[in-house]
*Asks:* 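This is the structure I want to talk about, given as structure tokens.
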Amino acid sequence: MSDVCIIGAGIHPFGRTDGMTGLQQGVFAARQALEDSGVEWSEVEIAYGGSSAAGNADIMVNDLGLTGVPFINVANGCATGGSALFGAFSAIKAGQAEIALAVGFDKHPRGAFDPKPADWGLPDWYGETGLMLTTQFFALKLRRYMEQFGISARTLGLVAEKAFENGALAPHSWRKQPVDLDTILNSQMVNDPLTKFMFCSPAEGAVALVLASERKARELGAKAVKLKTATVRTRPPGSFEVFSPGLDIERGPSPTVIASRAAFQAAGIGPEDVDVAQLQDTESGAEIMHMAENGFCADGEQEQWLAEGRTKIGGRLPVNTDGGCLACGEPIGASGLRQVYENVVQLQGRAGARQVEGAKVGYSHVYGAPGLSAVTVLER
Amino acid sequence: MEPIAPDLFTLDGGEPALLGGRDRATGRIVFPLPADRDRFEPVALPREGRIWSWTVQRFRPKSPPYTGPEDFTPYAIAYVELPGAVIVEARLTGFDHGQLKVGLPCRLVVEPFAGKASYAFAPLESAHV
């Protein structure tokens with residue numbers, strides 16, 4: 001089995017881009033990634049891509065070129081990008097291809113997501129009575145966690161404050177203005193305990209990555225970052241998932257916990273070896289809970305970590321160095337790949353003002369409905 | 001009043017109860033009652049429980065699928081642990097939003113929602129759960 005490298009990374013800035021479809025943003029990112037890698041589209045042997053609300057990725061061949069390349073469309077909720085990467089990674093690992101492309105893009109209307117119950121195997125009454133909102137799930141999972149492990153509202157605010165600080169330093173972010181802690185804590189309550197500034201918003205954007213076997217990367221002389229693992233797991237029994245009318249009383253681990261463990265095992269490292277981490281932060285509490293679910297700290301330790309600034313750039317483990325979903329917004333199909341893009345940039349030492357000095361190992365984690373997580377480990 | 005969905009709750013026995021499904025093989029109880037009756041046996045869930053987690057919905061959900069009134073008032077929702085059975089998601093009714101906390105006892109009520117009969121959990125004054 002071949003080792004896998006990322007040899008090119010491209011991004012279309014996140015936020016709102018009027019006059020450009022999600023798909024066009026995807027093509028933009030793909031072209032930039034190809035240029036960054038130095039390979040031509042005609043050399044790509046397999047492609048995986050997806051969006052949640054902006055169309056089929058394989059239509060891109062109209063713009064990129066009709067090379068006959070197999071192009072697989074991926075639809076995996078918020079983990080769509082992570083799953084596209086998993087496909088590209090597996091194809092190279094298996095020796096099916098030497099060069100592969102993973103692309104994720106999206107463009108959502110303003111306002112909260114409005115999923116249809118039937119698409120999720122749920123009865124209509126669940127949506128009709130106002131129980132089927134992602135923001136409620138985040139709040140409900142978080143409230144329980146805060147009660148159990150003593151997390152304060154102030155800590156939620158510190159996560160958001162850090163996100164906007166970092167976002168202001170990232171060229172591809174959406175929110176460029178730092179927001180102070182008091183403003184975050186006193187902004188409009190959306191779903192208690194989460195205020196407006198603690199939530200990410202549906203947005204637009206695209207990311208593409210060019211992958212190659214280690215042999216091919218060497219042959220090309222590419223500035224490669226090793227993709228040690230791309231691991232995807234669906235939910236185990238007793239996990240707490242979005243869109244759940246009922247939960248088992250006997251609680252179990254989350255899909256993140258099992259994906260993270262498997263990823264660390266596959267990469268042959270532990271959480272203590274990670275220099276920079278991108279953890280899904282669809283709201284501030286998600287970042288807090290995902291710090292523990294991914295094994296970086298024990299439940300409840302986040303209170304101290306945030307108070308001491310350990311997850312800031314310059315801290316012991318910088319988390320979401322480009323501001324994460326909070327500052328970049330959430331284009332569902334692209335977010336998971338944005339995290340990997342950010343780690344590539346960090347590991348190559350070209351993150352400018354948000355650079356984590358000496359970063360050698362980058363970790364990314366994305367969670368998607370109805371209960372799956374995708375984790376990657378990058379190493380230079 | 002017509003129930004918002006068939007087999008969501010039962011009024012047999014005078015007091016309302018949500019309907020869950022007991023997995024005939026494992027005994028695991030799920031909510032709502034799945035259509036697969038070969039696997040899941042209908043079971044009336046406990047009428048009283050405790051708030052396991054809660055939030056307040058402070059913006060109007062999009063329609064569709066939401067069928068609540070255009071004129072929006074924030075509403076509380078919770079996961080309610082029904083002892084020995086399952087944790088169910090529900091709207092809360094009759095609670096002061098400022099007083100909500102994990103562990104509060106509550107009981108099932110059936111009340112109108114958008115012209116149909118739906119379910120919610122109301123405060124249980126005497127905590128004998």
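These figures come from a predicted structure and were not determined experimentally. Computed from heavy atoms alone, side chains included, the values below leave out hydrogens, waters and symmetry copies. Residue numbers start from 1 in every chain, and the chains themselves are labelled A, B, ... in the order their sequence lines are given, proteins ahead of strands.
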*Asks:* Could you list all the ring pair (Phe, Tyr, Trp, His ring centres under 6.0 Å) pairs where at least one residue sits in residues 80-100 of chain B, not counting sequence neighbours?
*Replies:*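 Every pair satisfying ring pair (Phe, Tyr, Trp, His ring centres under 6.0 Å) with a residue in residues 80-100 of chain B: there are none.
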
*Asks:* Where along residues 58-66 of chain B does a heavy atom come under 4.5 Å of chain A, listed by residue number?
*Replies:*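 Under the 4.5 Å heavy-atom cut-off, R58(B), F59(B), P61(B), K62(B), P64(B), P65(B), Y66(B) qualify.
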
*Asks:* Mark yes when over 12 heavy atoms from residues, nucleotides or ligands other than R251(A) sit less than 6.0 Å from its CZ; otherwise mark no.
*Replies:*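 More than 12 heavy atoms, drawn from other residues, nucleotides or ligands, come within 6.0 Å of this atom.
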
*Asks:* Going by residue number, which parts of residues 5-22 of chain B are within reach of chain A, meaning a heavy-atom gap below 4.5 Å?
*Replies:*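 So far as heavy atoms go, A5(B), L8(B) are the residues that approach chain A to under 4.5 Å.
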
*Asks:* So do the side chains of E204(A) and F14(A) get within less than 4.5 Å of each other, counting heavy atoms only?
*Replies:*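 E204(A) does not reach F14(A) side chain to side chain.
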
*Asks:* Would you call the rings of F149(A) and Y145(A) parallel, tilted or perpendicular, where under 30° means parallel and over 60° means perpendicular?
*Replies:*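 F149(A) and Y145(A): tilted rings.
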
*Asks:* At a 4.5 Å cut-off on heavy atoms, which part of A90(B) comes close to chain A: side chain, backbone, both, or neither?
*Replies:*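 Only the backbone of A90(B) comes within 4.5 Å of chain A.
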
*Asks:* Select one option (side chain, backbone, both, neither) describing which atoms of E128(A) are under 4.5 Å from chain B's heavy atoms.
*Replies:*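 Both the backbone and the side chain of E128(A) come within 4.5 Å of chain B.
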
*Asks:* Side chain, backbone, both or neither: which part of F240(A) has a non-hydrogen atom closer than 4.5 Å to chain B?
*Replies:*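 Contact with chain B: side chain only.
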
*Asks:* Are there residues of residues 186-201 of chain A whose heavy atoms fall under 4.5 Å of chain B's heavy atoms? If so, which?
*Replies:*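 Those residues of residues 186-201 of chain A which have a heavy atom under 4.5 Å from chain B are M189(A), V190(A), N191(A), D192(A).
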
*Asks:* Any side-chain donor paired with an acceptor under 3.5 Å for S254(A) and E293(A)?
*Replies:*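 There is such a pair between these side chains.
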
*Asks:* Tell me, side chain or backbone of A85(B) under 4.5 Å from chain A's heavy atoms, or both, or neither?
*Replies:*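 Just the backbone, heavy atoms under 4.5 Å.
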
*Asks:* Looking only at the aromatic ring of each residue, does the gap between the centers of W174(A) and F164(A) stay below 6.0 angstrom?
*Replies:*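 Ring centroids of F164(A) and W174(A) are no less than 6.0 Å from each other.
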
*Asks:* Tell me, for P123(A) versus chain B, whether the close heavy atoms (under 4.5 Å) come from the side chain, the backbone, both or neither.
*Replies:*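 Interface part for P123(A): side chain.
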
*Asks:* So which of L122(A), T135(A), L133(A), T129(A) has the biggest tally of heavy-atom pairs under 4.5 Å with chain B?
*Replies:*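 Heavy-atom pair counts peak at T129(A).
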
